[in-house]
Amino acid sequence: MVGYSADDYLRFSADKETIYYSEPVYACEDAYVLPTNDNSEQWGVRSDGHWTYVNCLMYSFPPQGWKIHITSTIYDAQNVLYDVAEYLFVKSISFKYLSSRTCFIQANGKYADRLESGKFITIYPSSEHIFIQLLKDLKTIVCKYDDGPYILTDKQWQNSNVFFRYGALKPRFSNEKNVPVIVTPQGDLIPDKELPLYSLPSFVDEPIYVKENNYLLIILKWKINGLSNRLRCPF
């Protein structure tokens, strides 16, 4: 959820069709369009102007866990959203996406937050098993598109436009500080740190399948390192 300005709240309060300070539905001339969904009554769709949230009303997802991000070029964004959303509708999986081309440019511009750059679609798996299946299927879906921006906070899946990290899936904040938190196995609240690099909480480890099969990234690093060594070595 992005932060709101005073102007945002004035717009919310002027929305007489909903409860005071609720979030209105935004309409943008350059808004991205979802595919037709045969089970639209099973989905809730709302927007805060920057993100559009598409929640499956039949199946929930946990407060924290593995999340997946899809990156894209601005030229492919509408087609990427269409293909990914069509799949997620069939699988009954909740997600959000940047609402429009304007939002896409703002999120990836020169002065954008580096921790958010590159994140076009965010997907919320309901279990580790589904998370792993999504990695496989989504790579197949987006592999025909050009490489999007690299997402600094995440790990890339097999050199594709699919990225992932562990963190909060639903808004949860500490009582003392207005920062997102996750819960340790002991019940302690700790900050859901988003750093400009991939990192995991101390109590979380990648699934074995992910460790053993994210091989293309490792191979690429070996090739780069090997080339670098050859450039330094005259033999």
Side-chain angles (χ1 to χ4, degrees), residues 1-2 26 28 30-40 42-62 65-108 116-167 169-170 209-210 213-214 216-217:
M1 182 79 65
V2 296
Y26 289 77
C28 305
D30 60 347
Y32 292 125
V33 180
L34 291 170
T36 301
N37 179 12
D38 293 335
N39 297 313
S40 57
Q42 298 176 2
W43 294 83
V45 181
R46 64 181 179 88
S47 175
D48 62 18
H50 186 74
W51 291 104
T52 296
Y53 303 83
V54 187
N55 294 312
C56 179
L57 304 179
M58 294 179 60
Y59 304 101
S60 185
F61 53 88
W66 294 101
K67 66 175 73 174
I68 293 175
H69 292 113
I70 303 295
T71 186
S72 170
T73 67
I74 194 169
Y75 308 106
D76 292 330
Q78 176 59 75
N79 290 332
V80 168
L81 174 64
Y82 192 98
D83 289 349
V84 170
E86 193 171 47
Y87 167 84
L88 296 175
F89 282 147
V90 172
K91 297 295 183 180
S92 300
I93 296 171
S94 299
F95 62 99
K96 71 177 181 180
Y97 63 92
L98 291 173
S99 299
S100 65
R101 182 182 176 91
T102 298
C103 295
F104 191 105
I105 293 171
Q106 291 172 346
N108 294 282
E116 295 298 321
S117 293
K119 300 173 182 178
F120 175 44
I121 306 173
T122 304
I123 301 165
Y124 304 104
S126 58
S127 69
E128 186 176 291
H129 170 75
I130 292 176
F131 162 66
I132 292 171
Q133 189 62 52
L134 284 171
L135 291 178
K136 302 176 190 176
D137 294 347
L138 290 169
K139 181 198 171 183
T140 301
I141 291 171
V142 301
C143 66
K144 62 184 176 183
Y145 296 107
D146 291 338
D147 291 343
Y150 195 91
I151 300 175
L152 297 177
T153 59
D154 292 24
K155 179 176 281 189
Q156 190 176 25
W157 174 248
Q158 295 185 349
N159 290 340
S160 69
N161 280 339
V162 180
F163 290 74
F164 62 91
R165 70 177 289 262
Y166 186 97
L169 305 184
K170 296 178 179 179
Y209 177 86
V210 174
N213 290 276
N214 206 8
L216 290 179
L217 183 60

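Please read these numbers as outputs of a predicted model, since none were measured by experiment.
- None of K136, E128, Q133 except one satisfies the side-chain contact (heavy atoms from CB on, under 4.5 Å) rule with Y209; the exception is K136.
- Side-chain contact between Y97 and I70 is absent, with no heavy-atom pair separated by less than 4.5 Å.
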**Request:** Check step by step if side chain to side chain contact (heavy atoms under 4.5 Å, CB included) holds for K91 and I130.
**Result:** CA-CA 10 Å; K91 297 295 183 180; I130 292 176; over 6 Å; no

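- The heavy-atom pair separating I121 from I123 by the smallest distance is CG2-CG1, 4.0 Å.
- Remark: S117 pairs with N108, A112, R114 by the side chain to side chain contact (heavy atoms under 4.5 Å, CB included) rule, at least two apart or across chains.
- Two residues are said to be in side-chain contact when any heavy atoms from C-beta on lie closer than 4.5 Å; N39 and M58 fail this criterion.
- At a cut-off of 3.5 Å, with distance as the only test, no side-chain donor of S40 or N37 sits close to an acceptor on the other residue.
- A pairwise comparison of heavy atoms in V80 and V142 identifies CG1-CG1, 4.3 Å as the closest pair.
- Taking each heavy atom of K67 and F131 in turn, the nearest pair found is O-CE1, 4.5 Å.
- For the residue pair A85 and L34, the shortest heavy atom distance occurs at CB-CD2, 3.9 Å.
- Between the S99 side chain and the T52 main chain, a donor and an acceptor come within less than 3.5 Å of each other.
- A donor-acceptor pair shorter than 3.5 Å cannot be found between the side chains of N79 and Y145.
- Under the 3.5 Å distance criterion, the side-chain polar atoms of Q78 are matched with a main-chain donor or acceptor of V33.
- With values rounded to the nearest 0.5 angstrom, I68 atom CD1 is found 9.5 Å from D137 atom CG.
- Rounding to the nearest 0.5 Å gives a distance of 7.0 Å between CD1 of I141 and CG of D83.
- Here CG of D146 is found 5.5 Å from CG of D76. Values are rounded to the nearest 0.5 Å.
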**Request:** Check step by step if side chain to side chain contact (heavy atoms under 4.5 Å, CB included) holds for N159 and Q156.
**Result:** CA-CA 6 Å; N159 290 340; Q156 190 176 25; 3.8 Å; yes

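- For the pair Q158/N213, a side-chain contact is recorded, criterion being any heavy-atom separation below 4.5 Å from C-beta on.
- For the pair W66 and I132, the minimum side-chain heavy-atom distance is 4.5 Å or more.
- Judged by distance alone, the side chain of N161 and the main-chain N or O of G148 form a donor-acceptor pair under 3.5 Å.
- The two residues I93 and W43 come nearest to each other via the heavy atoms O-CH2, 3.4 Å.
- At a threshold of 4.5 Å between non-hydrogen side-chain atoms, the residues V210 and F164 count as touching.
- N55 is linked by a side chain to side chain contact (heavy atoms under 4.5 Å, CB included) to Y53, F61, S94, counting only residues two or more places apart in sequence or in another chain.
- A side-chain donor-acceptor contact under 3.5 Å links W157 to the backbone of L135.
- Between R165 and I151 there is no side-chain heavy-atom pair separated by less than 4.5 Å.
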**Message:** Before you tell me yes or no, could you show the steps for Q106 and L98 under side chain to side chain contact (heavy atoms under 4.5 Å, CB included), namely the whole-Å CA-CA distance, both residues' side-chain angles and the distance that decides it to 0.1 Å?
**Reply:** CA-CA 10 Å; Q106 291 172 346; L98 291 173; over 6 Å; no

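- The shortest distance between side-chain heavy atoms of V84 and F95 does not fall below 4.5 Å.
- Side-chain contact between L88 and L134 is present, with at least one heavy-atom pair separated by less than 4.5 Å.
- Scanning all heavy atoms of the two residues, the minimum distance from S126 to S60 falls at CB-O, 3.5 Å.
- Put simply, OH on Y166 and CG on L169 are 8.0 Å apart, with the number rounded to the nearest 0.5 Å.
- Residues forming a ring-ring contact (aromatic ring centres under 6.0 Å, His included) with F120 (at least two apart in sequence, or on another chain): Y32, F104.
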